[in-house]
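Notes to accompany the following structure.
Quick note on labels: first sequence line is chain A, next is B, and so on, each numbered from 1.
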Amino acid sequence: MTTEIPVEPQVTITPQQLFRKKAAGEAILPDGEDMVNRHVLTVLIDDTIGALNRVANLFSQRGFNLESVTVGEAKDPSQRRLTLVTTGNDRIIGQVLRQLQGLIDTIEVEDLTDEDHVERELCMVKVRCSATERADVLAVVDVFRANVVNITPDSLTFEVTGPTAKINAFIGVMKDFDVREVARSGRVAMRRRLAFEH
Amino acid sequence: MSDSSTLSTPSAASSAATASSTDALLATGAEILIRSLEAEGVEYVFGHPGGAVISIYDEMHRIQPSFQHILVRHEQGGTHAAEGYAKATGKVGTVLVTSGPGATNCVTGIADAYMDSIPLVVFTGQVPTHLIGNDAFQECDTIGVTRSITKHSFLVRDVKELAETVRKAYHLAQTGRPGPVVVDLPKDVLAARAPFHYPEKVQIRGYSVVGRGNADQVQLAAQMMAEAKRPLFYVGGGTIISGGSERLTALARRTGIPVTTTLHGLGAFPETDPLSVGMLGMHGTWYANMAVQNTDLLIAVGARFDDRVTGKIEAWAPHAKIIHIDIDPACISKNVPVDCPILGDVSMVLEQLDPLVEHVDRPEWLAQIEAWKAECPMDFERDGKLRPQEIIQALRDHTAGEACVVTDVGQNQMWGAQFYSYVHPRSHITSGGLGTMGFSLPAAMGAAFGLRGTGRDVISINGDGGVLMNIQELGVAAAHKLPVKVVILNNQFLGMVRQWQELFHDNRYSHTNLEPTNPDFVQLAEAFGCVGLRCSDPADIAATLDAAWQVTDRPVVMDFRVVTEEKVFPMVPAGAATDNMITAQFNPEACA
């Protein structure tokens with residue numbers, strides 16, 4: 001029995017092609033993987049009709065990933081501040097930033113990923129538990145410094161805030177109980193220092 | 001309604017009068033729109049009336065404004081006409097249509113303008129604000145539908161914001177990287193009253209126009225140009241938009257660097273110059289693509305590395321360092337990471353670059369390019385049959401290359417690009433990015449309006465497929481006595497699709513034969529009040545053109561019965577590297 005061995009085409013790569021692949025964060029070897037990273041961006045937009053729509057639309061229009069988005073009033077009430085979490089290689093992240101800056105409604109776009117910054121997320125969890133089970137649940141919840149925001153004869157509702165990793169850990173631990181509902185706000189992020197300090 | 005009644009009360013009017021005596025007169029939204037267009041210096045409005053915009057047309061009837069309204073016969077034709085006008089003149093094209101279907105019929109034209117960076121302002125009617133979202137008659141979420149195909153869009157909710165919004169729309173459409181702007185006008189806003197004041201300047205937070213390039217980057221570019229052994233200019237439509245063609249031509253000639261242009265860059269550098277290697281890309285010249293594949297420095301000027309230019313992107317320009325001059329930050333490193341990006345207006349950056357670069361003798365590089373040109377020149381078979389390339393060359397000879405040529409999409413577009421030898425900026429207009437069939441005829445009409453009185457000929461080059469898609473505008477061109485020369489390269493087929501079917505789909509001509517449904521184009525022309533001519537023999541081309549150019553008071557439609565089997569060569573198959581071209585010497589059996 002003979003098996004045919006497929007012949008790999010000889011791939012020669014010029015220094016320029018290597019430079020471009022590195023600059024784009026793309027795989028250099030044919031079977032390698034792209035350097036995909038998670039980025040946290042903050043965007044300041046004018047609070048006008050359709051401005052939020054345009055930002056969200058950009059991600060579907062250009063095929064970018066959008067993991068989470070939070071939005072609320074900024075310091076100036078005529079503006080809205082968004083925190084976006086997106087993934088991609090360097091070329092794609094560069095595109096996301098430039099395309100966002102290109103929108104007429106955007107005032108400021110910042111990539112906080114490599115900056116010294118704080119991130120918080122709020123999460124609410126509702127578990128089904130009877131009066132006899134309450135003590136067990138509350139013991140776990142205390143470790144995460146979660147607050148009870150509502151209590152009924154059959155349920156407990158908590159809120160917990162913290163970095164995304166803490167929220168993930170909290171939800172992981174709560175899986176031991178009868179979790180009925182989870183609502184996460186998505187991340188909000190802010191630089192630690194003032195802009196002129198670094 | 002409540003807005004207008006409060007504003008027209010005496011107290012409101014008198015308070016306006018104390019603020020400024022000239023602003024005392026209140027105008028309706030419809031009048032404000034017309035006065036704003038006048039203040040903006042609009043020459044032509046391509047429009048079609050309907051229920052939501054009837055008040056604007058009523059005011060137009062009363063005011064007799066300084067601009068001319070052209071009643072088009074389909075909103076898509078109107079949008080393309082505005083595009084043709086904008087491309088031929090460099091000014092902003094203006095479109096006015098009604099709500100719902102009026103707006104959706106514009107969508108193709110708006111998308112086309114977005115892809116090709118054409119400045120347009122499209123005014124669409126809208127149902128009254130209290131009915132928005134109620135699925136009212138002729139309602140459509142125009143802002144939502146056009147969101148991803150506009151540079152920006154506005155829904156005017158207050159008549160007091162109307163004039164400022166119009167000024168913003170024109171500012172956004174024509175500055176930076178130009179593009180279409182939609183202004184949606186609810187019917188009640190057009191009826192409400194406000195004082196008319198047209199602002200000269202507007203502030204748009206979050207929008208700034210890029211001007212000169214970063215001096216360090218320009219210096220770096222100059223150094224790269226001095227060191228390069230095989231440099232090449234890759235020139236796109238941005239060069240023409242910025243008015244930088246003369247600067248580029250002077251710079252290329254002085255430094256002795258050869259030039260290839262994209263489809264939209266045609267005319268930015270004279271193709272008759274020995275330094276020109278013509279168009280690059282899928283149907284570009286073989287020698288332009290060879291030059292790109294071997295260059296060590298590609299100077300991209302107002303071009304966007306489109307997939308029809310690069311082919312298989314990993315294999316494109318493998319040895320080249322790249323300088324990219326562009327006004328749109330989002331275009332930098334979008335498709336190909338570049339070594340030296342320069343963000344700025346092309347014309348200004350070229351001005352900065354000019355004093356920093358010297359002429360360098362590169363005899364080997366230029367000799368290599370000459371050798372490639374000799375190896376595979378642009379040519380076609382001359383066997384006594386009527387071939388489209390010969391018609392394009394005859395058109396060039398007849399007009400001395402001075403006409404404004406508007407091509408449609410498909411084979412006619414590529415032959416029109418390959419064989420006319422463009423020497424002037426804004427002499428070649430086509431639908432490049434979106435590839436809209438039916439573009440040429442209305443766009444040529446718009447160009448003819450824009451070039452009226454300049455004595456320049458406007459030629460519309462079509463296939464028998466695309467020309468029917470907006471044929472209704474022929475009547476409009478005839479009514480306005482525009483002497484547009486409409487050339488139909490009639491091969492009785494959807495030629496480009498047929499070419500792909502022949503080359504890549506084993507001659508399965510699925511639904512591309514137009515012979516059963518084609519009209520008699522000569523009779524059709526005459527029915528629209530135009531002159532119709534037919535030509536089936538290469539010996540008659542000159543006589544046909546002579547006859548066509550005798551007519552000066554209406555369009556002439558020339559039905560050229562060309563060889564069906566003629567294909568556009570050279571060609572880079574989709575997804576292949578650009579040095580892997582099928583050339584005119586191609587043999588179908590060898591490909592199988």
Legend entry - B/Ser153 versus chain A, the contacting section by heavy-atom distance below 4.5 Å: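 Contact with chain A involves both backbone and side-chain atoms of B/Ser153.
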Legend entry - Under 4.5 Å from any heavy atom of chain A - which part of B/Asp339: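 Contact with chain A: backbone and side chain both.
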Legend entry - Qualifying residue for side chain to side chain contact (heavy atoms under 4.5 Å, CB included) with A/Ile104, from B/Thr150, B/Ile204, B/Val181: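 Between A/Ile104 and the candidates, side chain to side chain contact (heavy atoms under 4.5 Å, CB included) is satisfied uniquely by B/Ile204.
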Legend entry - B/Trp316 side, atom CH2; A/Arg20 side, atom CZ - distance, nearest 0.5 Å: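 Reported value, rounded in 0.5 Å steps: 7.5 Å.
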Inset, instruction - Find the distance between CD1 (A/Ile13) and CD (B/Glu314) and round it off to the nearest 0.5 Å. - result: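 Atom-to-atom, A/Ile13:CD1 and B/Glu314:CD are 9.5 Å apart.
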Inset, instruction - Under 4.5 Å, counting heavy-atom pairs only, tell me which of A/Glu26, A/Lys22, A/Gln79 racks up the most with chain B. - result: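 Max contact count across the listed options: A/Gln79.
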Legend entry - Residue among A/Gln99, A/Gln101, A/Gln17 with most heavy-atom pairs under 4.5 Å to chain B: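 Among the listed options, the one with the most contacts to chain B is A/Gln17.
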If you count the non-hydrogen atoms of other residues, nucleotides and ligands that lie under 6.0 Å from [atom1] in [X], is the total more than 12?
X	atom1	value
A/Arg134	CZ	yes
A/Lys166	NZ	yes
A/Glu181	CD	no

Inset, instruction - Check whether A/Asn53 gets within reach of chain B through its side chain, its backbone, both or neither, counting any heavy atom under 4.5 Å. - result: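 Interface part for A/Asn53: both.
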Legend entry - Residue pair A/Leu103 / B/His152, side-chain heavy-atom distance below 4.5 Å: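 They are not in contact (no side-chain heavy atoms under 4.5 Å apart), so the answer is no.
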Inset, instruction - Determine whether A/Ser78 and B/Arg205 make a side-chain contact, defined as any pair of heavy atoms from C-beta on separated by less than 4.5 Å. - result: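 Yes - at least one pair of side-chain heavy atoms lies under 4.5 Å apart.
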So which atom in [X] and which in [Y] form the shortest heavy-atom distance, rounded to 0.1 Å?
X	Y	answer
B/Ser333	A/Arg98	CB-NH2, 3.9 Å
A/Gln95	B/Ala330	NE2-O, 2.8 Å
B/Lys334	A/Arg91	O-NH1, 2.6 Å

Legend entry - Winner by heavy-atom pair count (cut-off under 4.5 Å) against chain A, out of B/Ser148, B/Cys331, B/Gly144, B/Ala315: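 Ranked by heavy-atom pairs under 4.5 Å with chain A, first place is B/Ser148.
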Legend entry - Main-chain N/O of B/Ala320 paired with A/Gln16 side-chain donor or acceptor, under 3.5 Å: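 Yes, because the side chain of A/Gln16 sits within donor-acceptor range (under 3.5 Å) of the backbone of B/Ala320.
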